[in-house]
Structure formats: structure tokens, C-alpha cells
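Just so you know, these numbers use all the heavy atoms, side chains as well, and skip hydrogens, waters and symmetry mates. Below, chains carry the letters A, B, ... as their sequence lines are ordered, and counting in each starts from 1.
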Amino acid sequence: MDLSTGTGEIYLDSAATGKPSMRALMKAIEVCYYTWGSPYRGLYERSVNATAQYEEARERVRAFINAEDANEVVFTSGATDGLNKLIRVLAEGFAQSDRVLLGIAEHNSVLLPWITAQERHGFQIDYLPVNRDGFYTAEEVRKRLTKDTKIVCVAHAGNVLGTVNDIRGLAEAAHENGTLLLADCSQSAPHGLMDVREMQCDFAVFSGHKMYCPFGIGVLYGRKVYLKTLGRRHPVVGGETADRVRKAGVIWADLPHSWEAGTVHLLGAVTLAEAADEIRKEQDERERQEAYLIQRMHRGLASIPHVRLLGPEDPYMRGTLCTFTIQGVHPHDAGDLYARESICVRTGYHCAEMLHEELGIGPTVRASVYYGNTEKEIDRFLDVTEGIRKALSR
Amino acid sequence: MYTIEETPFMKRYRHLVNAVKKDEDTEKYTITAADNPKCGDDVLLYLEVRDGVIRDGRFAGDSCAVCQVSADALIDAVRGKTLQEAKEISNRFARMFYAKADEKDLRMLGEAAVMREIVGKPSRRQCAMLPWGALERAIEWEKKGKRNAEEG
């Protein structure tokens, strides 16, 4: 993947969003220009072909995440959309005494749907801490599960701590208790790390825009039995979600239509399928390169005086991002100076203010790597970081 | 090795002249505060006001460079000015950020014109404006004859 923009810009914010790949964009042009059509609706060839393309994309995404059944893949506009839909219908079935175990390091897109659902339905929220290295552990999950805990919600890869959690271990701990597990895979799917059967998660979400796709497409995965049941609570309604609509009553549609209302996002689905294939194809080389780059970044940052890295101390335990503070330097000042050097990093709370509160720290700087970044770029970033520290640190 | 260009803003940041620690003797000052929970910036403004004139001032706070330089320059800009004149300077500072300041505005801003470097960065506007919000509050409180209006 060529991440270069031809302007000398160094892009280290792939954890926020990524550059669409040429392959995905070419597919988008093909669909927009030639093979567009109304999926599911018409009897003419263009429509039938559109349906086939859409369902083929679903199947390819199924293969990408290794789900058992294509109907376990629901296309959404992104991870946030999937979380909102899922959490709303899940919470509808909760009693006041029920509990939800939420990871403290979760993104606001996980926390806020639960917080608003709690206001509406009155169940309890417990928070799952991270260990010293920034990981959730099965031991801690077991300690915090109660007989009333209905679901555990954790990120597969953290968007601040740079850790990749052992979802299988956490899911096993939850399942022993009869509790479900929802994994936010927004930061792991783009690196080809998502295998729902291996992870044993019951639900998962991810976004396409972090993995070679244009904006506006994502996936909600759920075990078929759960998606089928929850679909009857009508997460969305509209065109295609009903088989028959009469004065006498409505016959509702089954999976996957019960989760996808209106004309479906054909363009998004086919670009996501292209991106998924591309990521799989690059997997070995990607893993090797990303690991090398992040370890170089981690070691470089750790060697700069007054830089404090969040998450694991061991560079081999790090996923694909480094979040840090520079003592005496406000991250927004640092962000400005990085920007002046055309280095794109994220500054602030990264939509995870609760984690920062838990760690007792203010805003931070986050630099993330992706396949296509280069050693030279990492070295330039480290050089600028050292310069910022020297110029601004008091 | 990357080095940062030495602009008037950076020079000022390295040599703040009106910064004090929060526990400074504050008996003679009118104190106002402003904070931005979104980024964690907070600033305390200490103004010594007698007979409607700002005789002196200091600031304290945990904040970014933009907020600190803005506060530091604010004190220089309003020192020796009447409350009315300080209000006018504050208005012109806002004009610099929200519209186009003319030569006269920049002249009136005096030391605060150093913040021109930040004008092209809308994301930093809040940081720069924060101490000026505290100034506006101080002016209001002084006009009402109150002191120590330390509140968010």
C-alpha cells in the first residue's frame, strides 16, 4: 500500500482513518459508473446483478472475519452505527437488576450507547480495568462477573493503549458465566487480525474507513441465533425489513434484512470486500512491516527524556500505535508543531476520556502506523518529537 | 536534528514575564478563572484594579503554550489601561481571531499582537481566547464593585 500523498506528508493517524486503496476506489468507480442498480428490488438484470454483487460482498467479508454464515454479517455505516443499533435492542431486554461489564479503555462509541441505554432502562454498568501493561485480563473479568452480568464489552485492540487483547480468553471467562461478549474490532480488523471463530466473541463491529475503504461502511457481526432474535426487536425498520405490509399486520423479514433498512449500501459493501481481500493478501508482509515500525517507534520514544508512553513497556507487546505525553508540553502545542512539519498525529483524549481519567492524566499524543509507512518516516517523527521536547519542555 | 523556528511567539513562551504560581499572594488582586475541560486548560487571571484602572496583573495556570502566551501578552496589553480601554482591547483581540484586524487594531493590541501567529489555526482559537474570557469577567465584576470572582 502506498500511503504517500506526494506532498511529503507523514501520515501517522491511521488509527483514526486511513487512505482508501486504489483497488477499492477502482471498484467504487466501476459500481458507480457501470454496475449500479437497486439491490433486491427489480426483476431486470441490473437489479439482479446489484443484488448478486451485494451478497457476494457479504460472503467475502464473512470469509475475512471467518464467520460461520454470511447472514452473520450486517452492513452498517460504521462501527458506531453497529454499536448503536445493537446496544439499543440488547438493552431493551434488560431488567433493572441486570449488569453490563464495560472496559474502562473503551471508545466513546461503545461507552455512550450503553450510558444512554442505562438512562432509559435502568440496568447497572460495571467497569473492567486494564492491567499495568494496558490489557484486559480473563482473571479480572472473572472477578467482576456476577450472575446478573449479561454482556462484556471490550476492544480487541485499544485505540489509546496500543494493546491487542486476548479476546478468546476474555470470551471464555464470560461464557463460563453465561455472559455474552461484544468485541470492538475497529482497531484490529484493519490489520487483518479479526477472526470471530477464533476469538469466540458473540458480537463484533468494525469500520471500513480505517481499512482502505471510503467513508460510510462498516460491519456488525453477531452469532446467527442472537442476530435473529434481536432482529425481531426491530433495530431498524423501512424498505426490505418486512416481507408483507398489510392493514391486518406486518410480516417481518428475516436475517440479514431485519438489520438493514432502505436501499442498501452497495458501493460500501463492494469496496469493503475489495479492501478485505487486499488486506488478507498483504497479511504476512503487513504484519512484519507494522511490527518493525511500531517497535522502532516505541524504542525511539522510550529513549527520549521526559516522554512517557502509555500501555506496555515491552515493545513486542505493542499493537500498531504509541500514545504518549511529553512532560511540560501540552499535546495540542505538540500537535501544532508536528503539523508544521507535515506529520499527522492525533492529540487530545482520542474519544476515550474515561481511560485518561482513570490513568489520572490529561490529553495525550497518539501516533499510529500502518502498512506503507516507512522507517524514514518514523525516524523523522522521532527527530521532531525530540525537537519539540527540547523547545517546549520546561 | 529538528529545531523549531524562533518566532516572537516562541520567544515569548520561553520568557513569560507575567506568570506566577497559583499560591502567589493574591490579596491585592481581583481574580477570575477560565477553563476548558475539553483540553484541560485552565487559567487564573490576577488583576490589580484601582480607581477603574488596571495597574498591574499576573496569571497562573496549567495550560498549553497558546493559552499561556495569550495570558502573558494580555497582561502587558491591559496594564495601565482603564476598564473601558481593556474592554476595547479585548474586543479587538476577538476581532483579530474572528474577523480581520486592521492596522489600528494591531496597534491597540500592543503586546497581544504576538498572537497573530495563531490566527490561522481555528483549532487553537479557544486556547488563545481563554484568558480573554477571564478578563471580560474581571471587567464585569470590577464594574459591579466586586472582588475575587474566582469561579469557572
Side-chain angles (χ1 to χ4, degrees), chain A residues 8 10 13 16 108 300-301 303-305 325-357 359-366 376-394, chain B residues 1-22 33-44 59-73 97 114-131 133 152:
Chain A
I10 297 175
D13 199 18
N108 285 344
L301 285 171
S303 71
I304 300 173
T325 57
I326 310 170
Q327 197 187 330
V329 181
H330 195 285
H332 287 171
D333 295 331
D336 260 357
L337 293 172
Y338 283 121
R340 203 189 281 182
E341 295 306 308
S342 299
I343 297 176
C344 311
V345 294
R346 174 88 177 259
T347 56
Y349 292 110
H350 323 297
C351 296
E353 203 174 338
M354 213 182 270
L355 172 67
H356 285 74
E357 181 195 18
L359 298 173
I361 56 172
T364 48
V365 181
R366 182 185 72 189
K376 209 171 142 197
E377 289 177 335
I378 304 300
D379 291 349
R380 173 69 180 152
F381 160 74
L382 292 169
D383 187 34
V384 170
T385 306
E386 171 75 50
I388 290 171
R389 201 256 328 157
K390 280 199 174 146
L392 294 184
S393 197
R394 290 184 188 279
Chain B
M1 175 68 189
Y2 165 70
T3 47
I4 290 165
E5 193 190 339
E6 189 71 355
T7 62
F9 175 88
M10 285 305 295
K11 215 175 272 177
R12 179 121 204 171
Y13 175 67
R14 256 191 280 284
H15 305 287
L16 297 172
V17 288
N18 299 310
V20 289
K21 292 207 161 49
K22 274 187 179 171
D35 67 353
N36 180 0
K38 267 185 103 175
C39 66
D41 276 357
D42 89 89
V43 64
L44 283 176
F59 83 95
D62 300 319
S63 51
C64 63
V66 173
C67 182
Q68 288 189 45
V69 172
S70 186
D72 200 59
F97 269 88
V114 71
M115 297 302 291
R116 259 184 304 179
E117 281 181 44
I118 313 299
V119 168
K121 297 174 177 161
S123 61
R124 306 308 300 276
R125 191 183 288 155
Q126 273 189 312
C127 315
M129 295 301 292
L130 200 66

Checklist entry - Is A/Arg380 atom CZ crowded by more than 12 heavy atoms from other residues, nucleotides or ligands, each under 6.0 Å away? => result yes
Item to check | Enclosure of A/Glu341 CD (heavy-atom neighbours >12, cutoff 6.0 Å) | outcome: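 Buried by this count: over 12 neighbours within 6.0 Å.
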Next on the checklist: Tell me which of these, A/Asp383, A/Leu337, A/Thr347, has more heavy-atom pairs under 4.5 Å with chain B than the rest.
Outcome noted: A/Asp383
Checklist entry - Stepwise, does the side chain to side chain contact (heavy atoms under 4.5 Å, CB included) test hold for B/Arg124 with A/Asp333? => result CA-CA 9 Å; B/Arg124 306 308 300 276; A/Asp333 295 331; 2.7 Å; yes
Checklist entry - Closest heavy-atom contact between B/Arg14 and A/Ala391? => result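 Looking at all heavy atoms of both residues, the shortest contact is NH1-O, 2.8 Å.
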Next on the checklist: Which heavy atom of A/Val384 sits nearest to which heavy atom of B/Tyr2, and what is that distance?
Outcome noted: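 Heavy-atom minimum between the residues: CA-CD2, 3.4 Å.
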Item to check | Trace of the side chain to side chain contact (heavy atoms under 4.5 Å, CB included) decision for B/Val66 with A/His332 | outcome: CA-CA 9 Å; B/Val66 173; A/His332 287 171; over 6 Å; no
Checklist entry - Can you find a pair of side-chain heavy atoms, one from B/Asp62 and one from A/His330, that are under 4.5 Å apart? => result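 A side-chain contact is absent here, since even the closest heavy-atom pair is not under 4.5 Å.
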Checklist entry - For the side chain of A/Arg340 and the backbone of B/Ile4, is there at least one donor-acceptor N/O pair under 3.5 Å apart? => result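 It does not hold such a pair.
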Checklist entry - Most heavy-atom pairs under 4.5 angstrom with chain A, which of B/Ser123, B/Ala65, B/Cys64, B/Cys67? => result B/Cys64
